Structures are given as C-alpha cells and as structure tokens.
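One structure is given here, and the rest of the page talks about it.
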There are 2 protein chains.
Amino acid sequence: MARPTTKDLARVAGVSRATVDRVLNGRDGVKKNTVDKVNAAIRQLGFERNLSAANLAKGRTYRFVFVLPESGDQFLEEILRHIREAGNVFAAEMVWASVQHVDGNDPHAISTFLSSLSRQDTDGVAIMAPESPQVRDAITRLQDRGLRALPFISNQALSENHCVGIDNRSAGRTAATLMGRFIRAQKGQILVIAESMRSRDSIERRYGFDEVINARFPHLTPLPSLETYGSAARTRQVLQAAVARNPDVVGAYILSSEARIPLDVLEDMTFSERLVSVAHERTPCTEASLLSGRLDAVITQDPGHLVRSAIRRLRALCDNRNTLNSQEKIRVEILLPTNL
Amino acid sequence: MARPTTKDLARVAGVSRATVDRVLNGRDGVKKNTVDKVNAAIRQLGFERNLSAANLAKGRTYRFVFVLPESGDQFLEEILRHIREAGNVFAAEMVWASVQHVDGNDPHAISTFLSSLSRQDTDGVAIMAPESPQVRDAITRLQDRGLRALPFISNQALSENHCVGIDNRSAGRTAATLMGRFIRAQKGQILVIAESMRSRDSIERRYGFDEVINARFPHLTPLPSLETYGSAARTRQVLQAAVARNPDVVGAYILSSEARIPLDVLEDMTFSERLVSVAHERTPCTEASLLSGRLDAVITQDPGHLVRSAIRRLRALCDNRNTLNSQEKIRVEILLPTNL
DNA sequence: TCATTTTTGAGACACGTGCATCAAAAATAT
DNA sequence: ATATTTTTGATGCACGTGTCTCAAAAATGA
C-alpha cells in the first residue's frame, strides 16, 4: 500500500541509494548493466518519484513570464486577471507567474526583450506575439540558453510545442455552422470584420469560416474581410461602404478578439432584416451583447484554462514530463444566452 | 524573493517555532494575544505554507472512492477512463482514486456501501447516485465519521457542497435554444426522450428546455417526455405512438446520457421533414452521429474535467482549503460537427 | 506567599529526495 | 603482476513542516 521509495528501489535492485540516485537523475558513470537493474526494479515496484519530496529537496521554483501585447483589449484583461489568480493558486507549488507587456506589432522589441531573459531569473516564457522571423529566432536562442518557451494563444510555428490555444480553423468553422443554421433568409451576404487580417489567427478563422459556409450554406456569401485597425471611424466607414455595395446583408462575423467597436457601429446601422451576429471571446461586452440579443453566439476559449494550461505545460517542460493531453486541449466553446 | 518559512514567522512574531506550529495547525493552549501576534506576522510576511513540505512531513495521502452506478453506459465508460487516467497524474501528489460500482436504483445498497467506509481506508467519496432520503442520511453519517463527501454529476441536495457537474437547467435551456434556432419549420412538435424522468437531472433539463421553447419559440410544441427505460422495444413502441399522434414532429431532444437506442430507433422511422436532433454527453456514439448528420448538436460536460474537479475539490475539503471557483465551474459545452 | 495550572520554548526526529564527498571495490590497461 | 581508471557504496547534510517530549516561564488560584 505504501508507496515504494528510493530505499526500496535500492534494496530490490541490489544497489546503493547513491546509485539509484545516479540512475534516476540521469548522471553518468553508471554501467549499463546497473542501469538496467534499477530500471527493472522501478518497473517491478511501480516506483514513482515523490514530487513533494523532490521539489522540497531541490528548493525548486518555477519562474514564468507571460509576454503579452500592450493592448487594453477586454479579452487580454481577462487573461491578466487569470494570471494573477493562478499566481495565488500555484504559489503553493512554487510557481511564480509574472507579466511583461511589449508592443505586439514590434518584432524587434519582442526579440530584444526575449534576449534579455536568462536562467538567472526565469525558467519559462509564454509568448503571445504574432509570428515573425525575428521572434522565432529569439525563441530559438531562448531555448538554447535553457529556458522553456511556449507559444500562447497567438499561433507561433514552433516545431514541437504546439500553441496553447484553440484550433482557430475549427473555431471559424464552428462560427460558420452556427451562422448558417441561425440565418433564415434564402440568400444574403455575411460581413466578416477583423481588427487586422495580418495575424495567423484571423487568417485561420476566416479560412475555416469560408470552408463551411461554401460547403454547407452555398446560398450565403461571405464578403471580403473588413479591417478596422481598432478605429471606430474607420470601422464605420468600411462597414457602410460594404453595406452600400451589398443590399442583402444577413449576418456579421466578428473574428477578432475585440468586438466592442464593430458591435457599436452595427447597432447604429439599419438592415433589411435583423442580422445574425457571431463574435469571439467571452468579455463583459460580448456577454452583455448575448443577453441583450445584439449577439447570437460567441465562440470562445476559457481564459482561465488557457493560463493554467500554459503554466502546467511550462512546468512539465521544465521537469521533462509529459502533460495530460486531454487536460491541455483547449476547447472551442460556444456561448449562447442560455449557457453563460 | 525567497518564500518566508515558519522560522521567519517565529522570528518576526517573537515566538518559538513550536508556538507558530500550534497556531498554524489550530492546536489549543495558546493565548489569544499570541495567536494574534503570529497571525500578524503571517500577514506581514505574506507567509504561505509550503504544501510540498507539509505533505511530506505528514506522509499525507488522499484515498478517494468514486461511487458509480453499474451501467454499461458510454458516458460512464468515459468517466471511468478519466478516473484511471487521473489516477496516474495525481499519483505524484499522493492521491489514490478507486471506483466502486453499486446499483444506482437501490438506495439501500448505496447506503450500505457508504456505511462500510471508514477513515481507516478512505478520505473522501464522490457519489453519483439519485437522491433519496436513505442516501442522504448515509452521506451525513459519512461526514460525521470525518470522511468528505461530494455529489458527483447526479444532483444530491447536500447543503454546502454543491454538485460537481453542470447546471442541468441551463443545459436544457441551451438545447432548446439550438433546437429552436435550427428548426426552420413554421410549426411542429418536438419529441422529448428520456431513459427515465425520475432523476433530478432529467427533470431539470426538461424544465429548462420547456422554459426556453415556450418563451422564445412558441410555434414549437414540446411533447410529453417519453421514457425508454433503456429498452429498445419499448423505445420503438412509445416513439411510434407519439409520432402517430403528432403529424408534424420536427425535432427530437434526447435528454438522458445514453443516446444510442433512441437514435437507432429514430433512424428507422420516417418523418415529413428531416428532424433536428439534440442529445447529451460526448460519447463515441454521439460523436459519430454528429459527424454523420444524425445529430445536429450535443450538449455535454467534459468528463475529464468532472473527474479532476471532483478530485481537486475532495482534496480541498480534506485540507480545509478553498478551491478556485472559476476552475471548478463545469461548463455547458456545445458540440457541433465542426468543433469536435 | 506558595502551589497549581496554563502557556511557551528548546530541541530532536521524521518524511523522501537531491546532492555532495571520500573511500572501497571492480574493471581495464600496462 | 601492478597501476590506472571506472564504477559503486557509505554516509551526511539539506529542504520546510509536522509532531513529539520535557522543561522553563508566566499566569492564575488560594
């Protein structure tokens, strides 16, 4: 019943605890034959290292940095809140999570910041930044210096560590399914509104969206993406232009994480029939809009889950452990007024 | 930077480590004044007990039992799989999770089993069983003996420990929203199919479903619940009778966690137009049905999350800690063919 | 005041692992 | 054969907390 300890291992393998330690911690200078004996004992006893004891002995702490853009985005606010919250919870497990803001549009700034990190003060980094060669190189150098890096939400093409976040193509496909089924009109156009189409996330969402609309709802026509660049004036302008060109707009898909501006602008405009609107990310704004009926559905990813998953995965990377895939898979969630 | 230890506490509070220990672990025989001094030091230093060290010192293990019905239900299979999986993950944190099957329809058997548990071999129990006075009493006695109990998935009216699981009324409301918006017919009836309507879960789902259909989709009529009792023959019989009485059936809501039988039966029947069907719980059967188009949506709760949440909450109960509410809230998830 | 009780302190050991050091044993080279 | 290198064992301390014991100090009662 009691868990076997390294002492038991030593006894069963017929070696000393010192040798068990050498094998467990991968030190060299141990004959292959001896290594095998110890491993056999590990299997035989079902030995598992007592993490509490190990961490205590090592005085191990995990110092993680979240590198985030500087925006005042509501979704990002949520992320920040959960980082603080998780900081408290994981404190008992010796995890320190801090946040560093850098201009998301300045690859040079990101790269410079990443270069400033060292093992002296940091064990791992979760990076939310658009993909760029500079950033990619900085991440590689980070890893060469022994730090662990993880792309966070915004997709980075890192070889193995796939991103903490949803499959954006699947998110776009889901938005399309809801949109297609909610719209009752026989035909019409759908506005697609993004803050910018330069990010990989937006592109993937758009791709998934078109895929499903074209295949399953051919009576609907998704219009070319409208970019707001975060400006209300510009949003109003491009939206009005698009609606003028397309008399039968029946839906609006807001695919960037800041839905406030497009929603406000849409509110002021008139359409022949009530628009079906779908947006991304749960924020105070999208929640309120769902309840008031301004939005019909919200596709989201749980920010708390994102943060905790990033921390767990960074820690696993530090310990060279595997994570539980089913726990770390971030789900494409659908919010309706009824399941907030 | 380094975390304060009990030694630091003792120094700052001007007492001995023994006294700090007495305060931290709530032993008596300490003057109120001294307690206050220690608590002040705790606040001043922001002391947090090192859980690793504490657990190591106590040799604490957490032995939890999941009490589950004996069914061969696919959803239950998933739950079992995740209990085994979680067992591996939590092993490093000294958590042992075992499973005990009892006949879910026999309150006496459940009560007898619960009475057989003692602190000698068990620290906490997660109970999935229909509510009944006998079971409720057994749970109370369990708690009197110092064990921790938690209602699991199936709703138990335990005073404080609210159930690990979704809000079933919200789930029913969500099913209704999707159903109402997916159905294009001007009017029609909706089949509501349950294994049994005796369980609190079914009742709550049904209640939420009717609520939304009546309020938002008055052109649709939800029919009285049909009970299958798990029998294919009976299912066929009651379904055919219901359809004979109602010529305009346009939707089917399967609200129990086993969707296989109703789906198979529905498949064989003919309707004037394609049914919109919504079921509960992600299982191999519902997944396949979504992809094949037999089902339009599935309302589900993540079984892995359920299991891990139950374990975390039981452990928190044992340690008299609070859990992170945002992490333990089980979401009403919506599955479409596009976000599996 | 002295006897009694309550409160506090000092100290030791335990938990399981990590990480040293140094000597002993075994294997290999000469 | 001996000298050298490689491999192993023995042992001790550390991590932070929990849990003892025993004695000292302080507070309370008479």
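Since the structure is predicted, the reported quantities are computational estimates derived from the model, not experimental observations.
Across the protein-nucleic acid pair, A:Leu45 atom CG and C:dG16 atom P stand 14 Å apart, rounded to whole Å. Summarising the geometry, the separation between CG on B:Leu51 and C1' on D:dG16 is reported as 12 Å, rounded to the nearest angstrom. Distance, A:Asp36 CG to D:dT7 P: 14 Å, rounded to whole Å. Between A:Arg3 atom CZ and C:dC15 atom P the separation is 15 Å, expressed in whole Å. To the nearest angstrom, C1' of C:dA26 lies 13 Å from CG of A:Asn33. In this structure, A:Lys7 atom NZ and C:dC15 atom C1' are separated by 9 Å, rounded to whole Å. The nearest whole Å value for the distance from the CG atom in A:Leu24 to the P atom in C:dA20 is 16 Å. At whole-Å resolution of the value, CG in B:Asp21 and P in C:dG11 are 17 Å apart.
Rounding to the nearest 0.5 Å gives a distance of 13.0 Å between CG of A:Leu76 and CZ of A:Arg81. Note that CD1 of A:Ile127 and CZ of A:Arg136 are 12.5 Å apart. Values are rounded to the nearest 0.5 Å. If you take CD1 on A:Ile83 and OG on A:Ser98, they are separated by 9.0 Å, rounding to the nearest 0.5 Å.
At D:dT19, one or more side-chain N or O atoms of B:Arg27 fall inside 4.0 Å of OP1 or OP2 (strictly under the cut-off). For D:dG18, one of the phosphate oxygens OP1 or OP2 lies less than 4.0 angstrom from a side-chain nitrogen or oxygen of B:Arg49. Residue B:Ser16 has no polar side-chain atom (N or O) positioned under 4.0 Å from OP1 or OP2 of C:dT8. Between A:Asn50 and C:dT17 there is no side-chain N or O to OP1 or OP2 distance below 4.0 Å. Considering only side-chain N and O atoms, A:Thr19 lies under 4.0 angstrom from the phosphate OP1 or OP2 of D:dG9. Residue B:Thr6 places at least one side-chain N or O under 4.0 Å from the OP1 or OP2 atom of D:dT17.
Checking D:dT8, C:dG11, C:dG18 against every side-chain atom of A:Thr34, the shortest atom distance belongs to D:dT8. Comparing D:dT19, C:dT8, D:dG9 by their closest approach to the side chain of B:Val30 singles out C:dT8. When distances run from any side-chain atom of A:Ala54 to the nucleotides C:dG9, D:dG16, C:dG18, the shortest one goes to C:dG18. In this structure, of D:dT17, D:dT19, C:dG18, it is C:dG18 that holds the atom nearest to the side chain of A:Lys58.
A cation-pi arrangement, defined by a distance under 6.0 Å to the six-membered ring centre and an angle within 45 degrees of its axis, is absent between A:Arg49 and A:Phe47.
Comparing the end axes of the helix from C:dT1-D:dA30 to C:dT30-D:dA1, each fitted to five base pairs by superposing C1' atoms of four pairs onto the next four, gives an inter-axis angle of 30° (nearest 10 degrees).
Contact of B:Arg17 with D:dG18 (side chain to base): a donor-acceptor pair of N or O atoms is detected under 3.5 Å.
Using a 4.0 Å heavy-atom distance criterion, B:Asn25 is classed as a sugar-phosphate-only contact.
Side-chain N/O atoms of A:Gln301 and A:Glu281 include a donor and acceptor closer than 3.5 Å. Checking B:Ser118 against B:Arg145 by side-chain atom types alone, no donor-acceptor pair falls below 3.5 Å.
Each of B:Val65, B:Leu317, B:Asp123, B:Val125 was checked for a side-chain contact (heavy atoms from CB on, under 4.5 Å) with B:Leu147, and the lone residue meeting it is B:Val125.
Across the interface with DNA chain C, nearest-nucleotide mapping of A:Lys31 and A:Arg22 shows A:Arg22 to be the residue nearer the 5′ end. Along DNA chain C, the nucleotide closest to B:Asp28 and the one closest to B:Ala53 are compared, and the more 5′ of them pairs with B:Asp28.
Taking 4.5 Å as the limit, every side-chain heavy atom of A:Val164 sits out of range of all side-chain heavy atoms of A:Ile153.
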